[in-house]
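In what follows, a single structure is set out as structure tokens and then discussed.
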Amino acid sequence: MSDTIIIKEKPLTYSAAQAARDMSGTATPAGEKGSRVSEGPSGSKPEKTLSRRNIILYGTLIVVALYYLLPLYVMVVTSMKGMPEIRLGNIFAPPMEVTFEPWVKAWSEACTGLNCDGLSRGFLNSVQILVPSVILSIIIASVNGYALANWKFKGGELFFTILIVGAFIPYQVMIYPIVIMLREIGLYGSLTGLVIVHTIFGMPILTLLFRNYFASMPEELFKAARVDGAGFWQIYFRIMLPMSLPIFVVAIILQVTGIWNDFLFGVIFTKPDLYPMTVQLNNIVNSTQGVIEYNVNMAATILTGLVPLSVYFVSGKLFVRGIAAGAVKG
Amino acid sequence: TDLEVTHWWTSGGEAAAVAEFAKAFDATGNHWVDGAIAGSGGTARPIMISRITGGDPMGATQFNHGRQAEELVEAGLMRDLTDIAEAGKWREVVNPPSLLDSCTLDGKIYCVPVNIHSQQWLWLNNDVFKKAGLEVPKDWNEFVAAAPKLEEAGIVPLAMGQQPWQTSLAFQVLLVAVAGPDIYNKVYGDKDAELAGSDALAPVFEAAARARDMSKKSNVQSWNDATNMVITGKAAGQIMGDWAQGEFQMAGQTAGKEYSCLPGLGMNEVIQTGGDAFYFPKVDDAAITEAQGVLANVMMAPDTQVAFNLKKGSLPVRGDVDLTAANDCMRKGLDILAKGNVIATPDQLMSADSVTQINDLFVEFFNDPSITAKDVQTRFAAIVADAE
Amino acid sequence: MAVTARPARWHRNLSAKIAAIPMIATALVVFVGGTAWTVLYSFTNSKLLPRQKFVGLDQYERLWGSAKWIISIQNLAIYGAFSLVFALVVGFLLAALLDQKIRFEDTFRTIFLYPFALSFIVTGLAWQWILNPDFGVQAVVRGMGFESFTFDPLYNPDIVIYGVLIAGLWHETGLIMCLMLAGLRGIDEDIWKAARVDGIPVWKTYLFIVIPMMRGIFVTAVVLIASGIIKVYDLIVAQTGGGPGISSEVPAKYVYDAMFLSQNLGQGFAASTMMLLSVIIVVVPWAYLEFGGKARRV
Amino acid sequence: MTSVSVRDLTLKFGSLEVLRTLNLDISEGEFLVLLGPSGCGKSTLLNCIAGLLDISDGQIFISGKNVTWEEPKDRGIGMVFQSYALYPQMTVEKNLSFGLQIAGVPKDEIARRIARASEILQIQPLLKRKPSQLSGGQRQRVAIGRALVRDVDVFLFDEPLSNLDAKLRAELRVELKRLHQNLKNTMIYVTHDQIEALTLADRIAVMKGGIIQQLDEPLTIYNRPVNLFVAGFIGSPSMNFLPGRIIGTGDQARVDLGQGLSVPLAGYEAGGPVGDGLDVVFGVRPEHLTVTREPTSGPSLPAVVELVEPMGADSLVWLRLGPHAMSVRTESTVKLLPGDAVNVTFDLHHASLFDASTEERI
Amino acid sequence: MTSVSVRDLTLKFGSLEVLRTLNLDISEGEFLVLLGPSGCGKSTLLNCIAGLLDISDGQIFISGKNVTWEEPKDRGIGMVFQSYALYPQMTVEKNLSFGLQIAGVPKDEIARRIARASEILQIQPLLKRKPSQLSGGQRQRVAIGRALVRDVDVFLFDEPLSNLDAKLRAELRVELKRLHQNLKNTMIYVTHDQIEALTLADRIAVMKGGIIQQLDEPLTIYNRPVNLFVAGFIGSPSMNFLPGRIIGTGDQARVDLGQGLSVPLAGYEAGGPVGDGLDVVFGVRPEHLTVTREPTSGPSLPAVVELVEPMGADSLVWLRLGPHAMSVRTESTVKLLPGDAVNVTFDLHHASLFDASTEERI
Ligand SMILES: Nc1ncnc2c1ncn2[C@@H]1O[C@H](COP(=O)(O)OP(=O)(O)OP(=O)(O)O)[C@@H](O)[C@H]1O
Ligand SMILES: Nc1ncnc2c1ncn2[C@@H]1O[C@H](COP(=O)(O)OP(=O)(O)OP(=O)(O)O)[C@@H](O)[C@H]1O
Ligand SMILES: [Mg+2]
Ligand SMILES: [Mg+2]
């Protein structure tokens with residue numbers, strides 16, 4: 001890459017740019033353009049935009065994309081229909097009369113038991129749970145991954161293996177012991193307790209990702225920092241962190257989705273005034289009062305999914321890049 | 001004082017009924033913090049139990065009457081209400097007295113029964129029968145006889161939700177209706193496995209098989225969806241507890257006019273004295289303990305009993321209240337209660353574990369036409385034999 | 001020049017050890033401790049509350065005598081096998097399609113990935129709605145005049161698990177596709193060129209050359225899918241509730257129901273122990289090879 | 001006979017024109033090296049010939065056939081890549097046979113070809129191993145083998161040695177040369193290492209910015225580079241460039257190097273007229289300079305030793321000559337120390353003179 | 001004075017013993033090069049000295065202080081890595097000041113040191129750039145600068161040039177040499193390129209399999225390698241090895257090379273007795289051989305030209321001498337063609353003789 005650069009740097013009168021200008025055209029071995037081109041294929045291979053390959057390629061992609069979009073479409077369309085239309089019509093038909101009534105109802109009017117304030121109540125709670133959980137779990141997992149990848153110590157791999165196996169344990173199995181543990185340390189029912197639970201269950205996969213990511217960074221960088229006198233935390237904060245944006249994006253996306261969508265822990269480890277949005281959603285969807293209001297349910301469903309969805313739409317590209325960095329090393 | 005009350009009453013009729021409690025409680029200067037968890041007892045109970053065992057109990061919580069909370073009581077996690085009960089003379093006012101027995105462990109009272117639920121009802125849509133040119137049936141047998149004609153008319157004869165407890169309920173109801181309360185008591189109460197497997201019970205299982213056929217086309221999950229099928233005329237009838245009545249009321253229908261109800265399927269008119277009860281977990285906070293006492297009294301107070309049960313469609317636990325506002329079906333129930341034709345619920349007689357096993361069996365049975373009446377009877381008997 | 005002795009071992013890497021305390025605590029206390037506790041109590045007849053009334057293997061006998069458990073296991077096997085195979089195959093195919101330097105790659109990728117942002121509850125509800133014979137696909141097709149068309153996977157006990165599968169795949173293939181895409185992008189351009197010069201058709205290049213080179217990615221993908229499969233619960237609850245009947249029960253739900261619905265903790269613990277056992281038999285040797293023992297392999 | 005012909009080849013990546021109406025004829029059995037700095041378009045040209053890139057304009061002929069639109073496999077070429085691009089999960093044998101199997105070559109024919117290739121390359125003992133179990137040099141041989149079994153007329157090499165260490169590179173260079181002498185196939189070889197180019201090539205095409213600067217035999221390019229770029233790019237240690245100005249004409253012409261130093265041009269074979277007063281760059285390679293402690297009879301200039309780099313057989317002596325720094329290659333036996341005053345003699349037969357403004361050789 | 005002392009150093013990775021009771025003394029201001037093939041433990045040794053690896057046994061002293069258990073930062077060393085390991089998110093200036101800030105060096109002192117280092121390395125114009133905006137050579141200089149600002153006695157280099165292309169490598173080699181002449185710090189330099197070793201080192205330690213084979217000045221190692229390995233590893237093109245057998249004793253001793261060819265040993269300075277009948281390997285470098293078309297007066301042997309590799313200034317001629325293949329370096333002006341019959345003359349002062357069984361020099 002740098003041959004031209006070297007020449008420039010040499011203390012010479014010779015300039016590479018100049019050379020390029022002066023030489024152009026002089027040294028090509030004989031022949032004027034066109035004079036020697038003979039019969040037969042010439043130039044770019046002809047390729048139609050509508051080649052068979054493209055039809056198959058885009059055709060498949062579009063069909064699959066439709067399959068993926070179908071549920072979202074149905075949800076959105078249904079959420080904008082009135083109940084009579086839903087009962088009569090087909091679920092794929094666009095609404096004849098667009099109404100946002102269901103959205104309003106889902107957000108602020110739907111009842112659970114005596115509370116008729118829809119999802120709105122859960123939204124703030126969800127945010128309150130989400131932010132500290134995401135932050136804490138990512139901090140801990142990234143430090144773990146860093147320690148495992150760069151500061152190997154005896155037993156580290158063993159604990160890590162246990163952690164990975166732990167990722168396969170169904171949550172239900174752990175609920176009881178965790179309830180007891182939290183009770184013993186007096187954190188049951190508090191926000192702190194829930195944050196800890198999210199941190200614990202996010203740990204295996206996140207640690208795996210961070211460990212792989214840090215392990216894929218050049219080891220010499222780490223050594224250079226040690227020679228420079230940086231310690232464990234200085235290397236982490238000053239060297240590793242600034243280079244880890246992609247994997248942090250992945251971790252944030254995974255955690256935001258996971259924690260926002262969590263129902264089980266939210267309902268078991270908190271009380272009603274802290275219930276997250278998903279619990280509210282469950283309540284709305286399951287408290288059928290008379291006729292099931294599908295439109296309200298769908299609106300509530302979309303509203304609940306809005307936060308993780310927008311995170312994906314905004315940072316999907318970074319996600320792909322980061323996941324490549326964190327997952328390639330098995 | 002704020003008192004958090006958890007329950008799983010979230011359907012229309014139920015929520016309206018709970019509101020009565022809340023209103024009465026708030027009137028005492030306290031505040032009812034509603035902790036509804038939608039779904040069913042299955043969703044809500046683990047949360048409640050975790051909260052209680054996790055050391056962060058709510059102020060009061062709903063449980064089904066019976067043995068569900070037994071271990072919590074034994075573990076000393078529940079508040080002893082004996083003094084309040086004695087002060088309120090519950091022993092005298094609660095009718096039938098067996099209700100209070102279910103709240104009693106070692107002579108101490110731990111819960112407030114709030115209503116009596118009876119499961120033994122067949123709910124019918126009158127219009128459907130008229131349109132099909134049929135009489136509204138008077139009992140199960142007539143209903144079965146009418147089924148083919150209904151099916152011809154494109155109507156599902158029997159609506160049935162797919163949740164396990166519903167199919168299991170249908171079976172129990174058929175058992176009591178077809179075989180009578182004595183056999184029921186022997187099977188569920190005494191766990192008489194021999195009887196359970198005998199010919200005496202065979203008609204029960206055949207009736208269940210018949211019900212299975214009649215509900216083949218009923219594609220709904222929850223009970224109120226099934227009730228809704230009856231209300232809207234998609235189905236002709238449903239075997240369901242008296243809480244279904246709340247749905248009919250919410251839909252603006254009147255008993256005897258748009259719909260009919262047949263207690264005990266019109267065959268053996270008895271009422272299960274099961275129902276819901278509220279427990280009060282032990283807490284350290286004196287203010288909350290105080291408020292718990294207030295709530296217990298409020299729930300047992302005659303006015304609240306009437307208001308609540310009218311909305312809920314169930315019967316009050318007190319024999320001394322005025323129920324002039326009660327409707328046709330409720331009155332039928334009251335009459336039966338007055339006659340003393342009561343039986344205990346399976347929840348009271350068996351452990352939750354055995355009940356679930358029976359539920360599972362009937363879920364399987366109702367969904368798998370290849371299981372014969374004979375097979376299911378054999379397996380039923382086996383569960384009864386293992387039950388405690 | 002004086003010779004000095006090796007200083008104490010424990011304080012080397014001290015910061016790292018301190019930093020790893022949360023992980024060590026989680027691994028030991030929560031995962032090992034919690035698991036041991038669960039296994040211990042699976043030998044009791046605990047009901048609502050854990051109690052040390054040991055009954056030997058009674059819970060296990062009952063577990064294996066229970067039709068619901070057997071069906072759960074079968075369902076998990078079917079769901080797991082299909083989910084694993086389809087997610088990998090479909091994920092890979094989509095990634096391969098997206099890797100053809102196509103236009104709108106970002107758009108397609110986002111479309112394939114977005115379901116992963118939604119919870120299983122939402123996924124289950126959406127697909128329950130679409131597969132509902134009275135409103136969804138079946139009704140629509142019938143409405144178009146095909147009266148005899150039947151498509152009601154959620155209401156047919158024989159195929160209900162495949163109905164769940166449709167939703168499950170919809171949810172997870174996007175993520176797998178992302179992983180695969182990342183893997184494909186990591187393959188040396190020269191390999192493709194070499195294959196073209198050798199005249200190897202594209203699909204054979206994928207099959208015999210590229211896929212074997214993506215072992216690491218497949219491992220990660222399998223970990224992700226498999227850990228999800230074992231835990232599958234929300235989806236079932238939201239979509240079928242285990243029905244019709246018990247035809248779509250799964251082990252995680254069995255555990256949950258046993259513990260909280262039947263209030264038979266012992267039974268629930270026994271079932272979870274069986275699940276753990278199978279996980280351990282499959283995962284531990286693999287995890288050891290993959291993560292333990294060996295030194296850094298960068 | 002012409003083996004590969006490139007006619008007016010133009011290649012664009014989007015709007016970036018990487019190759020500009022490039023023409024190139026390679027005769028049968030010739031070993032042609034494409035040499036140039038990184039990014040000059042060497043690989044791109046090779047990929048065009050191989051058919052791995054769709055060209056924007058022009059034509060390509062191989063063995064007289066117009067292959068402009070042919071698939072790579074149908075062009076009768078074999079290619080060896082810098083990273084070797086061996087299929088990692090297949091054994092060496094499978095790597096060699098895979099393409100043939102797919103082309104439907106009969107089993108015994110495949111066996112025959114593999115036997116021949118592995119004999120030529122001496123990789124028989126490696127046939128059952130996987131690429132990961134091979135050393136760099138062995139991998140390289142397998143990569144060549146994969147091209148060899150295809151039984152083609154033209155071999156394309158894209159920097160096949162640049163991933164190896166210096167020693168191995170030197171050895172494999174010789175092997176490649178031998179291979180070419182045995183096989184007599186046409187070979188096109190991309191590199192940016194001029195030693196490889198000089199030792200291997202029948203002809204070298206020096207490229208820069210997508211244009212061939214000079215296409216000639218190695219020693220011609222070495223001794224008579226057509227411009228400053230070629231002069232500076234070829235040769236290591238590289239040519240000394242001394243900017244100066246012509247004084248006088250004809251046999252009296254000298255190059256004035258400043259500070260009173262000048263070199264007489266008598267003996268230099270100029271390609272054109274050398275005008276008085278022209279600004280020039282005087283180029284001379286380290287090995288065409290002689291250093292002596294005593295003044296010699298011929299024209300010599302005084303200089304001071306700055307640094308001595310022993311390189312085994314000989315040493316590189318860095319001198320300061322008035323305003324210029326320059327290097328001289330000497331026998332290791334000549335002992336010089338920094339600070340020594342010496343005399344430098346120029347070998348004008350091997351010197352080059354460039355016009356300072358056009359940078360072309362005069 | 002001794003600057004770095006390694007005593008009985010042993011290092012194991014698990015059960016793999018990479019370094020075996022290794023001893024090494026480096027005096028102050030010395031430029032020591034660790035040379036050896038890939039995987040011989042060079043980097044490992046350097047990392048041990050730097051304190052980046054926890055050694056299994058032995059002691060390390062730097063500037064007289066026992067630093068065996070010190071942290072890298074407390075050892076008074078600076079290190080330059082193969083990949084440079086510049087912190088990608090920091091500017092050049094930040095890269096240089098990072099370590100100093102951590103050490104709590106006052107602001108103006110930091111500024112002073114950066115100014116000095118960037119002056120020495122001429123990187124002032126780059127201070128505000130990020131590493132990604134630098135060329136390879138510039139990065140390398142910044143990496144050296146990072147060691148420089150630490151104001152240490154000992155510099156450690158781990159193949160700092162091997163990521164660069166040949167041309168740049170040659171230039172930076174000279175710069176490094178100059179730097180050492182200016183700074184006079186102790187430098188330990190790891191490489192597997194013998195040209196680097198020969199040009200840079202005051203002394204070279206040739207390693208193999210975790211053991212130092214020979215530790216001496218470059219020309220001694222070049223001319224009098226202690227064993228076959230060192231002889232073969234140093235020098236490019238490498239030494240010719242001709243297996244043979246001793247006939248006769250004393251001044252009459254000859255090496256019989258088979259097929260009636262033999263070389264008289266008169267003039268060879270043997271380190272020990274040369275026994276009659278001993279199996280030996282006769283080693284001679286390509287540049288210590290002379291090829292002539294006519295028989296010469298001295299002892300010469302007939303050979304046939306097999307291949308000629310032109311390398312610019314000179315050519316490498318591959319000969320067949322009886323059963324042996326060998327290479328000879330000649331001036332490019334000598335025109336030889338494959339098949340030519342020639343005579344080879346040996347320079348015995350520069351030849352080496354090895355015991356075939358022990359592989360040690362005789
Ligand atoms: N796929 C591509 N898209 C756009 N530009 C490209 C592409 N491939 C190469 N280029 C550009 O074309 C030019 C020539 O690239 P090429 O790979 O042919 O260089 P090269 O001479 O082989 O260099 P090297 O010695 O580094 O291999 C470079 O400037 C490069 O950036
Ligand atoms: N972390 C490690 N764990 C196990 N073995 C290692 C480790 N690091 C190096 N080795 C082994 O130790 C030996 C010496 O490695 P080292 O890196 O010192 O070689 P080197 O001489 O620097 O080679 P190169 O020229 O390739 O850099 C090698 O065989 C290598 O495989
Ligand atoms: Mg290239
Ligand atoms: Mg190394």
Side-chain angles (χ1 to χ4, degrees), chain A residues 57 60-61 64-65 68-71 74-75 90-92 140 143-144 147 151 153 156-174 177-178 200 203 207 215-216 231-233 257 261 263 278 285 301 304-305 308-309 312-313 316-317 320 323-324 327-330, chain C residues 13 15-17 19-20 22-24 26-27 30-32 34 37-38 97 100 102 106 108 110-114 117-119 121-122 125-127 130 135-136 139-140 143 178-179 181-182 185-186 216-217 219-220 227 230-231 252 255-256 272 275-276 279 283-284 287-288 290-292 296 298:
Chain A
L57 186 62
T60 315
L61 281 174
V64 178
Y68 275 89
L69 284 174
L70 187 71
V74 168
M75 283 194 277
N90 100 39
I91 57 168
F92 302 109
I140 290 193
V143 172
N144 278 343
W151 299 80
F153 55 91
E157 292 291 322
L158 174 69
F159 295 123
F160 180 65
T161 307
I162 294 176
L163 216 57
I164 294 297
V165 175
F168 287 84
I169 303 175
Y171 295 144
Q172 287 83 0
V173 179
M174 304 307 299
I178 289 186
I200 286 175
M203 203 181 285
T207 304
S216 71
F232 185 88
W233 295 109
T257 338
N261 286 337
F263 169 79
T278 39
V285 172
T301 305
T304 314
L309 270 182
Y312 268 75
F313 286 130
K317 210 169 184 167
V320 178
I323 209 127
V328 178
K329 320 267 160 193
Chain C
N13 258 352
S15 301
K17 285 171 186 166
M23 177 186 77
I24 295 173
T26 303
V30 181
F31 289 145
V32 174
W37 188 91
T38 299
L97 287 179
Q100 306 299 312
I102 57 154
D106 284 1
F108 280 117
T110 311
I111 290 175
F112 298 151
L113 186 56
Y114 89 88
L118 301 172
S119 65
I121 301 279
V122 171
L125 286 174
W127 279 98
I130 292 176
F135 304 98
V140 171
C178 266
L179 281 171
L181 194 57
R185 296 274 149 91
I217 289 283
V219 166
T220 310
S227 66
I230 296 212
K231 286 190 241 177
V255 170
Y256 188 88
S272 21
M275 291 177 72
L276 260 176
V279 166
V283 173
V284 165
Y288 186 77
E290 202 65 28
F291 303 109
R296 172 184 180 131
V298 181

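A, B, ... follow the sequence lines: proteins, then strands. Residue 1 opens every chain. Computed from a predicted structure; not experimentally measured.
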Toward chain A, the part of Val255(C) with a non-hydrogen atom under 4.5 Å:
side chain

Between chain C and each of Val74(A), Thr304(A), Leu61(A), Thr60(A), count heavy-atom pairs under 4.5 Å; write down the option with the most.
Leu61(A)

Pairing residues for Ala117(C) by the side chain to side chain contact (heavy atoms under 4.5 Å, CB included) criterion, not counting sequence neighbours:
Thr257(A), Pro308(A), Leu309(A), Tyr312(A)

Kindly indicate whether the side chain of Leu125(C), heavy atoms from C-beta on, has any atom under 4.5 Å from the side chain of Met75(A).
no

Please report the closest heavy-atom contact between Phe31(C) and Ile162(A), naming both atoms and the distance.
CB-CG2, 4.2 Å

Side chain, backbone, both or neither of Leu276(C) within contact of chain A (heavy atoms, under 4.5 Å)
side chain

Identify the heavy atoms of Ala16(C) and Phe232(A) that sit nearest to each other, and give their distance.
CA-CE1, 3.3 Å

How would you list, by chain and number, every residue that makes a side-chain hydrogen bond (donor to acceptor under 3.5 Å, both in side chains) with Tyr68(A), sequence neighbours excluded?
Thr173(C)

Heavy-atom pairs under 4.5 Å with chain A are the metric here; pick the option from Gly34(C), Ser119(C), Ala19(C) that has the most.
Ser119(C)

How close do Met23(C) and Met203(A) get, heavy atom to heavy atom, and via which atoms?
CA-SD, 3.7 Å

Greatest number of heavy atom pairs closer than 4.5 Å to chain C - which of Gly231(A), Gly166(A), Ala147(A), Gly305(A)
Gly166(A)

When Leu57(A), Ile140(A), Thr278(A), Leu70(A) are compared by non-hydrogen pairs under 4.5 Å with chain C, the top option
Leu57(A)

What I'd like to find out is whether the side chain of Leu69(A) reaches to under 4.5 Å of the side chain of Tyr114(C), using heavy atoms alone.
yes

Shorter than 4.5 Å, heavy atoms on both sides: which option in Val143(A), Leu163(A), Thr207(A) has the most such pairs with chain C?
Leu163(A)

Does some side-chain heavy atom of Pro177(A) sit less than 4.5 Å from a side-chain heavy atom of Val30(C)?
no

So which of Leu181(C), Ile102(C), Thr38(C) has the biggest tally of heavy-atom pairs under 4.5 Å with chain A?
Ile102(C)

Between Met275(C) and chain A, which part of the residue has a heavy atom less than 4.5 Å away: side chain, backbone, both or neither?
side chain

With rounding to the nearest 0.5 Å, note down the distance linking CD1 in Ile111(C) to CZ in Phe313(A).
8.0 Å

Option in Val64(A), Thr301(A), Asn144(A) with maximal non-hydrogen atom pairs under 4.5 Å from chain C
Asn144(A)

